[in-house]
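Along the sequence shown, residues are numbered consecutively beginning with 1. Both ligands and their constituent atoms are indexed starting at 1 by order of listing.
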Amino acid sequence: MATQLKNLSDFSHTTVPNAAPYRYGIVVAEWNAKITGALYEGAYQSLIKHGAQESQIYTYSVPGSFELISGADILLKSNNIDTVICLGCVIQGETRHFDFICQAVATGLSNVALKHEKPVIFGVLTTDNEQQAFDRAGGKHGNKGDEAAITAIKMVDLANQLKPII
Ligand SMILES: Nc1c(NC[C@H](O)[C@H](O)[C@H](O)CO)[nH]c(=O)[nH]c1=O
Ligand SMILES: CC(=O)[C@@H](O)COP(=O)(O)O
């Protein structure tokens with residue numbers, strides 16, 4: 001499998017812009033809190049590591065990954081936020097609920113990004129089991145929260161560069 005031995009959070013091969021000039025929203029789902037808490041820690045520390053100011057990071061929690069959609073929308077309506085990082089963990093249960101939640105969140109967050117014309121980052125784990133989630137929240141496959149933060153920095157910097165052109 002593609003991710004068999006890969007640390008998905010290895011960004012040593014890319015340059016990450018200075019995160020300082022921008023304002024970041026982070027919305028974190030409470031479902032599977034041990035995992036989403038690790039995603040949040042990774043994202044927050046990654047923002048700080050790349051120069052973001054603590055006073056420029058606005059963090060809110062929502063009940064579940066489905067509510068990340070409304071949370072991101074509400075956050076972007078206020079606070080003059082430049083980008084929102086959405087962190088969640090959806091784990092397959094006995095029913096097809098998993099499928100509906102995952103599809104709804106992916107589509108919903110895309111729509112929020114287009115509505116506000118700002119980067120909305122999909123930092124949601126969608127796994128078969130809990131171990132796969134732990135592996136991607138600071139385990140052998142890295143931390144999806146780190147990836148989401150770096151993606152946010154890159155996208156908000158790109159938007160800033162293109163602002164005078166578009
Ligand atoms: N099963 C998981 C959920 N389910 C809850 C939904 O996200 C939502 O809060 C509910 O349907 C009410 O609207 N959420 C997760 O984040 N992770 C799961 O594994
Ligand atoms: C993704 C979910 O909502 C899921 O964990 C709920 O579990 P179940 O499908 O067994 O009701």
Side-chain angles (χ1 to χ4, degrees), residues 1-11 23-49 52 54 56-79 81-156:
M1 179 179 293
T3 58
Q4 194 67 35
L5 299 173
K6 189 182 294 181
N7 179 335
L8 303 176
S9 302
D10 177 9
F11 283 87
R23 293 158 64 96
Y24 304 86
I26 306 180
V27 190
V28 190
E30 294 166 348
W31 259 78
N32 301 310
K34 283 184 182 175
I35 294 159
T36 60
L39 294 176
Y40 173 72
E41 192 58 28
Y44 185 86
Q45 293 305 330
S46 215
L47 289 174
I48 297 296
K49 173 184 172 183
E54 290 185 28
Q56 301 279 85
I57 302 173
Y58 300 85
T59 302
Y60 298 90
S61 63
V62 293
S65 291
F66 187 81
E67 284 72 39
L68 291 171
I69 303 164
S70 300
D73 188 42
I74 292 164
L75 199 46
L76 285 169
K77 285 175 183 170
S78 63
N79 290 323
I81 299 286
D82 295 310
T83 180
V84 177
I85 299 165
C86 300
L87 303 173
C89 177
V90 188
I91 299 175
Q92 178 63 64
E94 294 176 356
T95 71
R96 292 171 55 226
H97 195 232
F98 171 88
D99 299 331
F100 290 98
I101 295 292
C102 294
Q103 185 59 55
V105 174
T107 303
L109 292 181
S110 301
N111 292 338
V112 170
L114 295 174
K115 172 182 174 182
H116 293 279
E117 297 181 346
K118 292 188 176 174
V120 174
I121 311 306
F122 185 81
V124 182
L125 296 176
T126 55
T127 65
D128 295 332
N129 54 59
E130 198 174 51
Q131 186 56 52
Q132 286 181 349
F134 278 114
D135 288 347
R136 291 158 177 80
K140 67 182 179 181
H141 290 314
N143 191 321
K144 187 69 74 178
D146 289 18
E147 297 167 43
I150 288 168
T151 301
I153 297 166
K154 289 184 173 183
M155 287 307 296
V156 74

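When each atom of ligand 2 is checked for a heavy atom of V90 under 4.0 Å away, the hits are 1 (C). Atom numbering of ligand 2 starts at 1 in the shown order; those under 4.0 Å from a heavy atom of F98 are 1 (C).
The structure places CG of D146 at 7.5 Å from NZ of K49, a figure rounded to the nearest 0.5 Å. Here the straight-line distance linking atom CG of L125 with atom CD1 of I35 works out to 7.5 Å at 0.5 Å rounding. Expressed to the nearest 0.5 Å, how far CG of L87 lies from CD of E41 amounts to 11.5 Å.
Polar contact with ligand 2: present for E94 (N/O pair, distance under 3.5 Å). When only interatomic distances are considered, the shortest N/O to N/O separation between H97 and ligand 2 falls below 3.5 Å. In terms of polar-atom proximity, defined here as any N/O pair under 3.5 Å, I101 makes no such contact with ligand 2. Residue W31 places no N or O, backbone or side chain, under 3.5 Å from any N or O of ligand 2.
Each of I121, L68, L76, D73 was scored for a side chain to side chain contact (heavy atoms under 4.5 Å, CB included) with V84, with one residue passing: L76.
The closest protein non-hydrogen atom to atom 7 (O) of ligand 2 is G93 CA, 3.7 Å. Nearest non-hydrogen protein atom to atom 9 (O) of ligand 2 is T95 OG1, 2.6 Å. For atom 5 (O) of ligand 2, the nearest non-hydrogen atom of the protein is I91 O, 3.1 Å.
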Walk me through whether E147 and R136 qualify under side-chain contact (heavy atoms from CB on, under 4.5 Å). CA-CA 10 Å; E147 297 167 43; R136 291 158 177 80; over 6 Å; no
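D82 places no side-chain N or O within donor-acceptor distance of the main-chain N or O of V156, the cut-off being under 3.5 Å.
By the neighbour-count criterion of 12 heavy atoms within 6.0 Å, atom CZ of F66 is sparsely surrounded, having that number or fewer from other residues, nucleotides or ligands.
Pairing each heavy atom of S110 with each of A106, the nearest pair is OG-O, 2.8 Å. Across every non-hydrogen atom of C89 and V124, the tightest pair is N-CG1, 4.4 Å. Of all non-hydrogen atoms in F98 and V90, the two that sit nearest each other are CE1-O, 3.3 Å.
Around ligand 1, the residues contributing at least one heavy atom under 4.0 Å from the ligand are W31, N32, G64, S65, F66, E67, C89, V90, I91, H97, I101.
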